[in-house]
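Single-structure report; data block below.
Along the sequence shown, residues carry numbers from 1. Predicted model only: the values in this text are computed from it and were never measured.
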Amino acid sequence: MQSKYHRIVAVSVTALLVFGSTVVAQPGSGALQQRIIKADLLKPQGRFSNVYDLCIGAGRASEGLRADWQQQLSFIKKELGFKYIRFHGLLNDEMQVYKENKEGQPAYNWQYVDKLYDFLLGIGIRPFVELGFMPPDLASGTKTVFWWKGNVTPPKSYEKWSDLVTALVKHWEERYGRPELEKWYFEIWNEPDLGGFFSGTQEEYFKLYQVSVAAIQSVSKTYRVGGPATARNGWISPFLKFCADNKVPLDFVSTHSYNTKSVLDEFGINKRRLVAKDYLPEAVKKVRRMIDSTIFKNTELHYTEFNSSPSSRDPIHDTHQNAAWLLTTLKHTGTVAHSMSYWTFTDIFEEAGPGMTSFHGGFGLLNLQGIPKPTFHAYKFMSELGKTELANTDSSSWICRNEKGIQVLFWNLYMPFNDTTTFDEIYFRKNIPAEEEGTVSISIDHVPNGKYSMSVYKVGYHFNDPYSAYLEMGAPANLSIKQEAELREISSGKPVEKKQITITNGKFESRYSVKKNDIIFIKLDRI
């Protein structure tokens with residue numbers, strides 16, 4: 001199996017390429033043509049955008065008390081360096097933060113919250129606090145969402161809600177200190193524009209936001225507050241108007257978007273299909289323009305959820321195609337947003353109940369057993385790019401530099417849904433061999449002469465692609481220990497080529513054959 005999944009991908013390295021009148025094809029064109037990516041070490045474009053690694057998502061707070069969840073997050077933090085994490089359910093009944101006695105007097109309990117937050121801060125990752133959902137004893141109704149029954153109704157008493165928020169923030173300040181909390185983000189609720197997540201009206205959400213912000217900043221006006229954390233980029237203009245008209249503090253704007261037209265899929269049963277690859281980047285730019293047309297110009301914009309699909313049972317999340325989609329989305333989003341938070345880091349995620357198989361279309365960068373999916377490796381490659389990006393007109397690549405050398409990351413996204421009758425659940429549950437696309441040539445000028453260690457990594461069909469191997473195993477409902485070990489080895493992230501080269505003419509050149517949705521990462525380290 002090892003040889004099947006780790007073939008060498010380079011056609012030639014440091015060979016002089018003469019293209020003449022060759023037609024240059026952009027990625028995903030479907031034609032077997034040559035694509036040329038050029039850069040000059042003396043022509044930096046600026047600082048490489050790291051909006052991708054500020055924040056990562058997770059399912060709900062109580063999952064964070066599990067040993068396997070904590071082990072996976074520790075691994076993600078070590079490998080990918082995310083700085084914040086956001087999740088639902090901090091105030092859920094299972095966290096036991098709020099109870100009322102027979103007389104209606106509240107009692108607060110921070111034991112589970114402390115255990116979770118102590119762990120997060122202990123591994124160097126801060127909370128991007130999402131305040132929700134409603135503790136049942138404080139709720140105005142019984143409507144819930146998800147298998148774990150998050151209450152989505154407004155508070156029965158805004159005064160008691162304010163007291164709860166104030167007490168919680170004061171507790172955090174006493175436990176962790178004001179300088180620490182000044183680095184946190186406080187976001188009010190989750191997707192209140194969807195009836196499934198908030199049973200109240202837009203006006204009721206605005207009231208909830210105003211009361212919550214006042215409670216947080218009654219502890220310290222230096223604490224960062226924001227919202228509306230909507231789905232589909234919703235309610236941005238009326239929310240900004242409300243904050244401006246009522247002089248309500250707003251330190252950041254947050255919203256969500258996925259690369260499908262439909263959104264909430266509570267039980268993972270809806271049919272999904274990707275839309276155009278520029279759909280999400282254009283949505284981000286539109287929201288940025290909305291913000292900058294108001295008094296909140298230049299306010300931070302955080303996409304606290306994004307992914308290809310909003311269903312936790314969509315098989316695209318397990319595929320190498322998803323990794324190529326991710327890179328395209330982040331490349332074309334650029335620095336328009338302050339952060340883009342991938343939803344989520346792990347398949348330990350139970351909105352529709354626990355995943356029934358090892359690969360079930362979960363959102364995670366890691367599957368239930370902690371096996372890295374292709375999208376994990378896309379993040380890993382980005383994390384190893386140097387801080388200085390070189391000027392480069394290619395639409396699907398980054399070339400960067402640091403004190404060690406040069407890094408090249410390029411990919412070849414192919415959007416499969418020209419046939420509008422084909423859905424993710426059908427297309428991606430099949431083992432689909434990738435078709436040849438052509439060659440990609442790299443040419444970098446003004447590279448210092450000398451010896452270099454060159455490592456080449458790849459994600460694609462049968463390369464760091466445990467899902468295709470899983471399908472070839474027959475998609476077993478339960479992995480054996482041997483099968484799990486095989487899939488972990490397949491997704492080990494080892495280089496497909498490692499060699500020493502010598503630059504003598506101030507130029508690095510190489511050429512690679514590529515298939516649809518291939519991702520190739522080249523590290524050139526000076527010896």
Practice problem: Any chance you could lay out the side-chain contact (heavy atoms from CB on, under 4.5 Å) test for Lys83 and Arg126, step after step, and finish with the verdict? | Solution: CA-CA 6 Å; Lys83 301 171 184 66; Arg126 293 188 167 98; over 6 Å; no

For Lys285, the salt bridge (Lys or Arg N to Asp or Glu O under 4.0 Å) test, sequence neighbours excluded, returns Glu282

Side chain to side chain contact (heavy atoms under 4.5 Å, CB included) filter on Glu435, not counting sequence neighbours, yields Lys516

message: Using salt bridge (charged side-chain N to carboxylate O under 4.0 Å, His left out), reason through Arg47 and Glu389 one step at a time and then give a plain yes or no.
response: CA-CA 6 Å; Arg47 185 178 178 85; Glu389 182 181 351; over 6 Å; no

- prompt: Leu301 versus Val287: any side-chain heavy-atom pair under 4.5 Å?
  reply: yes

message: Is any side-chain heavy atom of Val459 closer than 4.5 Å to one of Asp465?
response: no

Applying side-chain hydrogen bond (donor to acceptor under 3.5 Å, both in side chains) to Thr344 and not counting sequence neighbours gives none

Given side chains that start at C-beta, do those of Ile76 and Thr346 come closer than 4.5 Å, heavy atoms only? no

Residues at least two apart in sequence or cross-chain that pass side-chain hydrogen bond (donor to acceptor under 3.5 Å, both in side chains) with Asn322, listed by chain then number, are Ser308, Tyr342, Thr375

query: Under a 4.5 Å cut-off applied to non-hydrogen side-chain atoms, are Lys380 and Glu79 in contact?
result: yes

#### Entry: Test item: Thr299 side-chain N/O and Phe296 main-chain N/O as donor-acceptor pair under 3.5 Å
yes

Closest heavy-atom pair, Ala58 versus Ile85, reported as atoms and distance to 0.1 Å, is CB-CD1, 3.9 Å

Would you call the rings of Phe349 and Phe363 parallel, tilted or perpendicular if under 30° counts as parallel and over 60° as perpendicular?
perpendicular

| field | Under 3.5 Å donor-acceptor, His377 side chain and Pro374 backbone | value | no

Query raised in the report: Are Ser49 and Thr335 linked by a side-chain donor-acceptor pair shorter than 3.5 Å?
Result: no

Side-chain contact test, heavy atoms from C-beta onward, threshold under 4.5 Å: evaluate it for His256 versus Arg232 and give yes or no.
no

Would the distance check show the side chain of Lys331 and the main-chain N or O of Ser395 forming a donor-acceptor pair, the cut-off being under 3.5 Å?
no

Can any side-chain N or O of Glu187 pair as donor or acceptor with the backbone N or O of Arg86 at less than 3.5 Å? no

| query | Under 3.5 Å, is there a donor-acceptor pair between the side chain of Asp394 and the main chain of Ile37? | reply | no

query = Do the two ring centres, one from Phe306 and one from Tyr258, sit under 6.0 Å apart?
reply = no

- Is a donor on one side and an acceptor on the other found under 3.5 Å between the side chain of Ser491 and the backbone of Pro372? yes

Scanning both residues in full, the closest heavy-atom pair of Thr357 with Tyr470 reads CB-OH, 3.6 Å

**Study point:** Lys297 and Asp292 ion-paired at < 4.0 Å
**Key:** no

So CG of Asn449 and OG1 of Thr502: to nearest 0.5 Å the spacing works out to 9.5 Å

Can you confirm whether Tyr512 sits close enough to Ser441 that some side-chain heavy atom of one is under 4.5 Å from a side-chain heavy atom of the other?
no

Without swapping roles, check the side chain of Tyr467 against the backbone of Phe428 for a donor-acceptor pair under 3.5 Å. yes

Discussion item. For the backbone of Met382 and the side chain of Tyr52, can you confirm whether one donor and one acceptor N or O come within less than 3.5 Å of each other?
Written reply: yes

For Asp318 and Gly361, the nearest pair of non-hydrogen atoms, with its separation, is OD2-N, 2.9 Å

Note to self: Phe128 vs Phe82, test: ring pair (Phe, Tyr, Trp, His ring centres under 6.0 Å). Steps then yes/no.
What the structure shows: CA-CA 12 Å; Phe128 199 117; Phe82 292 106; over 10 Å; no

By salt bridge (Lys or Arg N to Asp or Glu O under 4.0 Å), Asp193 pairs with (sequence neighbours left out) none

Taken in chain and number order and not counting sequence neighbours, the residues that satisfy side-chain hydrogen bond (donor to acceptor under 3.5 Å, both in side chains) with Lys387 are none

- [ ] Could you check Leu42 against His446 for side-chain contact (heavy atoms from CB on, under 4.5 Å), going step by step and ending with a plain yes or no?
- [x] CA-CA 7 Å; Leu42 300 182; His446 293 109; 3.5 Å; yes

Interatomic distance, CG@Leu41 vs NZ@Lys507, rounded to 0.5 Å, equals 12.0 Å

Task: Flag, side chain of Thr294 to backbone of Ile291, donor-acceptor distance under 3.5 Å - done: yes

Note, Tyr84 side chain near Pro127 side chain (heavy atom, < 4.5 Å): no

In terms of heavy-atom contacts, Pro44 and Thr388 come closest through CB-CG2, 3.8 Å

Practice item. Return yes if some donor-acceptor pair links the side-chain N/O of Asn307 with the main-chain N/O of Trp343 below 3.5 Å, else return no. Key: yes

With ring centroids as reference points, do Phe376 and Phe381 lie under 6.0 angstrom apart? no

Between Met290 and Ser237, the two heavy atoms sitting closest are SD-OG, 3.8 Å

Residues Arg488 and Gln369: closest non-hydrogen pair is NH2-O, 3.0 Å

The side chain to side chain contact (heavy atoms under 4.5 Å, CB included) partners of Lys430 (sequence neighbours excluded) come to Ile426, Ile432

Salt bridge (charged side-chain N to carboxylate O under 4.0 Å, His left out) pairs touching residues 397-411, sequence neighbours excluded, are none

Applying side-chain hydrogen bond (donor to acceptor under 3.5 Å, both in side chains) to His302 and not counting sequence neighbours gives Glu300, Ser339

salt_bridge(Asp445, Lys43) N-O dist < 4.0 Å
no

Sequence neighbours excluded, the answer for salt bridge (Lys or Arg N to Asp or Glu O under 4.0 Å) partners of Arg526 is none

ring-ring contact (aromatic ring centres under 6.0 Å, His included) filter on Trp69, not counting sequence neighbours, yields Phe345

The residue among Trp411, Phe410, Phe521 that forms ring pair (Phe, Tyr, Trp, His ring centres under 6.0 Å) with Trp398 is Trp411

Looking at Lys515 and Glu437, is there a salt bridge between them, counting it only when a charged N and a carboxylate O are closer than 4.0 Å? no

Residues at least two apart in sequence or cross-chain that pass salt bridge (Lys or Arg N to Asp or Glu O under 4.0 Å) with Arg60, listed by chain then number, are Glu63, Glu94, Glu350

Item to check | Pairwise side-chain contact, Asn517 with Asn412, heavy-atom cut-off 4.5 Å (strictly under) | outcome: no

request  = Take Gln45 and Asn392 through the test side-chain hydrogen bond (donor to acceptor under 3.5 Å, both in side chains) and record every step on the way to the result.
outcome  = CA-CA 8 Å; Gln45 180 167 301; Asn392 165 24; over 6 Å; no

To the nearest 0.5 Å, atom CG of Asp278 lies from atom OG1 of Thr329 at 9.5 Å

